[in-house]
Visitor: 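First the structure, then my questions, so here it is.
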Amino acid sequence: NDVKGGVGVGIDTAYDYLLNFGFSTLEDDNHAATALGGLTNGVKQTEVCAAYGTIANGGEYRRPMFYSMVKDHSGNVLLENNAEPRQVLSTGAAYVLTDIMRDVVKSGTGTQAKFLNSTMPVVGKTGTTTNSKDLTFVGYTPYYAASIWLGYDRYDDTVKNMNNINQHAHLTIWRKCMEQIHQGLEVKDFEMPDDVVKMSVCKRSGMRASKGCDAYEEVFVKGTEPDYCTNHWQYSSYSDGSDEGNSDSSSENGSDTDTEN
């Protein structure tokens, strides 16, 4: 269905994406409630981590493995675990998702996962169920992805919720483990792919910034960039006599004449 600012993908397409991301426990969950975590059997943490690792890896999914090869004392291969990678998202879509999740750790609900002794970029997503019976975080850096769940392995009326514990405990554990893993690694940022473009966007309208807009930097997959904002440029053009960069015109009574940019 059409939605403001874009096109809704629909339940079936979203569900197919979950399967492509490697989730194996969603047989009865092709419904709207899945978007809010309304799952029949839940998901495995290894699969959650692999899904976010796919985003971190430019949209390429790799099946999680606990071993790659087992050899005997003579060097003969006894077991070999090969995983064929597959592209789930475009590199551009993966990078845009990464950019969106920067704010979760920078200034959102996952700030406690930010490294204390390094400027290594960390992005991710927190999750909390009703009454805080489950606390989770999945995050990644340009090097590694990791997920953590804090809660009880039983879910019934006798289990108390976790409102009385430190609600950031799982984030602290994640940070301490990941910061040790990253010791000695060079600080680097996520590399922006060629199919992504960065531009100034109007804070009010969400459109490409024009003169007079209060703007910030945003990234888009090439071909999805918004049109120029027509809400604010005319005010600055009155003051400096210029409407350079915009072909829209406005009468003195404030009514706009729509033209193409």
Side-chain angles (χ1 to χ4, degrees), residues 1-23 26 34-35 43 47-64 83-110 113-114 119-127 137-147 185-210 213 215-229 245 260-261:
N1 297 326
D2 290 340
V3 294
K4 184 177 181 181
V7 177
V9 297
I11 296 174
D12 291 338
T13 300
Y15 179 75
D16 288 342
Y17 264 104
L18 290 175
L19 298 182
N20 288 334
F21 272 108
F23 291 101
L26 306 178
T34 298
V43 293
E47 294 178 351
V48 173
C49 187
Y52 277 79
T54 299
I55 304 172
N57 199 36
E60 184 180 82
Y61 172 83
R62 293 179 179 270
R63 178 173 55 85
E84 291 294 330
R86 64 173 181 267
Q87 199 72 28
V88 177
L89 296 172
S90 68
T91 56
Y95 183 84
V96 169
L97 283 173
T98 292
D99 191 70
I100 290 172
M101 289 188 288
R102 288 178 187 267
D103 286 343
V104 174
V105 178
K106 182 179 179 181
S107 58
T109 55
K114 186 187 305 182
T119 58
M120 186 74 70
V122 177
V123 304
K125 187 69 181 74
T126 59
F137 177 73
V138 190
Y140 57 87
T141 71
Y143 291 97
Y144 296 105
S147 66
L185 294 179
E186 178 186 359
V187 174
K188 63 179 182 179
D189 204 350
F190 298 95
E191 184 176 350
M192 190 170 74
D194 293 336
D195 55 345
V196 170
V197 61
K198 180 179 290 187
M199 63 178 55
S200 295
V201 174
C202 175
K203 288 184 178 180
R204 292 186 180 182
S205 68
M207 303 176 71
R208 189 182 307 193
S210 301
C213 292
Y216 70 100
E217 293 293 309
E218 189 61 275
V219 295
F220 298 90
V221 176
K222 287 183 179 178
T224 67
E225 306 96 317
D227 292 331
Y228 279 103
C229 178
E260 293 182 356
N261 294 307

Visitor: Yes or no on side chain to side chain contact (heavy atoms under 4.5 Å, CB included) for Y61 and R63, after CA distance, side-chain angles and deciding distance?
Guide: CA-CA 7 Å; Y61 172 83; R63 178 173 55 85; 4.0 Å; yes

Visitor: Do the side chains of F137 and V105 get nearer than 4.5 Å, heavy atoms only?
Guide: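 Yes - at least one pair of side-chain heavy atoms lies under 4.5 Å apart.
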
Visitor: Y144: which residues meet the ring-ring contact (aromatic ring centres under 6.0 Å, His included) condition with it, sequence neighbours left out?
Guide: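 Y144 satisfies ring-ring contact (aromatic ring centres under 6.0 Å, His included) with H182 once adjacent residues are dropped.
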
Visitor: Are Y216 and V201 side-chain neighbours, meaning at least one heavy-atom pair lies under 4.5 Å?
Guide: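 They are in contact (side-chain heavy atoms under 4.5 Å apart), so the answer is yes.
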
Visitor: For C229 and S210, which heavy atoms make the closest approach, and how far apart are they?
Guide: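 Minimum heavy-atom contact is O-OG, 2.8 Å.
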
Visitor: Taking all non-hydrogen atoms of both residues, which atom of Y15 and which atom of L26 are closest, and how far apart?
Guide: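 For Y15 and L26, the tightest heavy-atom pair comes out as OH-O, 2.7 Å.
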
Visitor: Please give me the minimum heavy-atom distance between T119 and V187, naming the atom from each residue.
Guide: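 Here T119 and V187 meet closest at OG1-CG1, 3.5 Å.
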
Visitor: So, for P226 and M199, which heavy atoms are closest and what is the spacing to 0.1 Å?
Guide: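 It is CD-SD, 4.1 Å.
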
Visitor: To the nearest 0.5 Å, what is the distance between CD1 (I100) and CD1 (I55)?
Guide: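 I100 atom CD1 to I55 atom CD1 measures 9.5 Å (nearest 0.5 Å).
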
Visitor: Any carboxylate oxygen within less than 4.0 angstrom of a Lys/Arg side-chain nitrogen, looking at D99 and K198?
Guide: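 Looking at K198 together with D99, the answer is no, because their closest N to O distance does not fall below 4.0 Å.
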
Visitor: Is the shortest heavy-atom distance from the side chain of R102 to the side chain of V123 under 4.5 Å?
Guide: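 SC-SC contact between R102 and V123 confirmed.
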
Visitor: Would one find more than 12 heavy atoms of other residues, nucleotides or ligands at under 6.0 Å from atom CG of D194?
Guide: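 Not buried by this count: 12 neighbours or fewer within 6.0 Å.
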
Visitor: Taking the side chain as C-beta and beyond, is there a heavy-atom pair between E60 and R86 under 4.5 Å?
Guide: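 No, too far: nothing below the 4.5 Å cut-off.
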
Visitor: So, do T109 and V104 sit near enough that their side-chain heavy atoms are less than 4.5 Å apart?
Guide: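 Side chain of T109 against side chain of V104, heavy atoms only: contact under 4.5 Å found.
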
Visitor: With rounding to the nearest 0.5 Å, note down the distance linking CG in L18 to OG1 in T13.
Guide: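 Rounded to the nearest 0.5 Å, the CG-OG1 separation comes to 11.0 Å.
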
Visitor: How about CD on E217, more than 12 heavy atoms from neighbouring residues, nucleotides or ligands closer than 6.0 Å, or not?
Guide: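 Result for CD/E217: enclosed.
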
Visitor: Quickly, which of M207, K203, R208 forms a side-chain contact (heavy atoms from CB on, under 4.5 Å) with S205? Name it, please.
Guide: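 Single pass found, and it is M207.
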
Visitor: Are the side chains of M120 and T141 in contact, using a 4.5 Å heavy-atom criterion?
Guide: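 SC-SC contact between T141 and M120 confirmed.
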
Visitor: Restricting to non-hydrogen atoms, name the atom on L89 and the atom on F21 that form the minimum distance, rounded to 0.1 Å.
Guide: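 Looking at all heavy atoms of both residues, the shortest contact is CD1-CZ, 3.7 Å.
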
Visitor: Determine the interplanar angle of the Y52 and Y140 rings, folded into 0 to 90°, and report it as parallel if under 30°, tilted if 30 to 60°, perpendicular if over 60°.
Guide: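 Judged by the thresholds at 30° and 60°, the geometry between Y52 and Y140 is tilted.
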
Visitor: Taking atom NZ of K222 and atom OG of S90, what is their separation to the nearest 0.5 Å?
Guide: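 Reported value, rounded in 0.5 Å steps: 12.5 Å.
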
Visitor: Testing the basics here: between P64 and A50, what is the closest heavy-atom pair and its distance to 0.1 Å?
Guide: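 Looking at all heavy atoms of both residues, the shortest contact is CD-CB, 3.7 Å.
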
Visitor: Tell me if the CZ atom of R204 is crowded by more than 12 foreign heavy atoms within 6.0 Å.
Guide: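 Atom CZ in R204 is not crowded, with 12 or fewer foreign heavy atoms closer than 6.0 Å.
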
Visitor: To the closest 0.5 Å, what do you measure between OG (S147) and NZ (K125)?
Guide: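 The distance works out to 14.5 Å.
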
Visitor: Evaluate the side-chain proximity of E218 to F220: yes if any heavy-atom separation is below 4.5 Å, no if none is.
Guide: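 Touching, per the 4.5 Å side-chain cut-off.
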
Visitor: As a quick check of understanding, evaluate side chain to side chain contact (heavy atoms under 4.5 Å, CB included) for Y95 and D195, giving each step before the final call.
Guide: CA-CA 10 Å; Y95 183 84; D195 55 345; over 6 Å; no

Visitor: CG/N57 to OG1/T98 distance, rounded to the nearest 0.5 angstrom?
Guide: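 Going from the CG atom of N57 to the OG1 atom of T98 covers 10.5 Å.
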
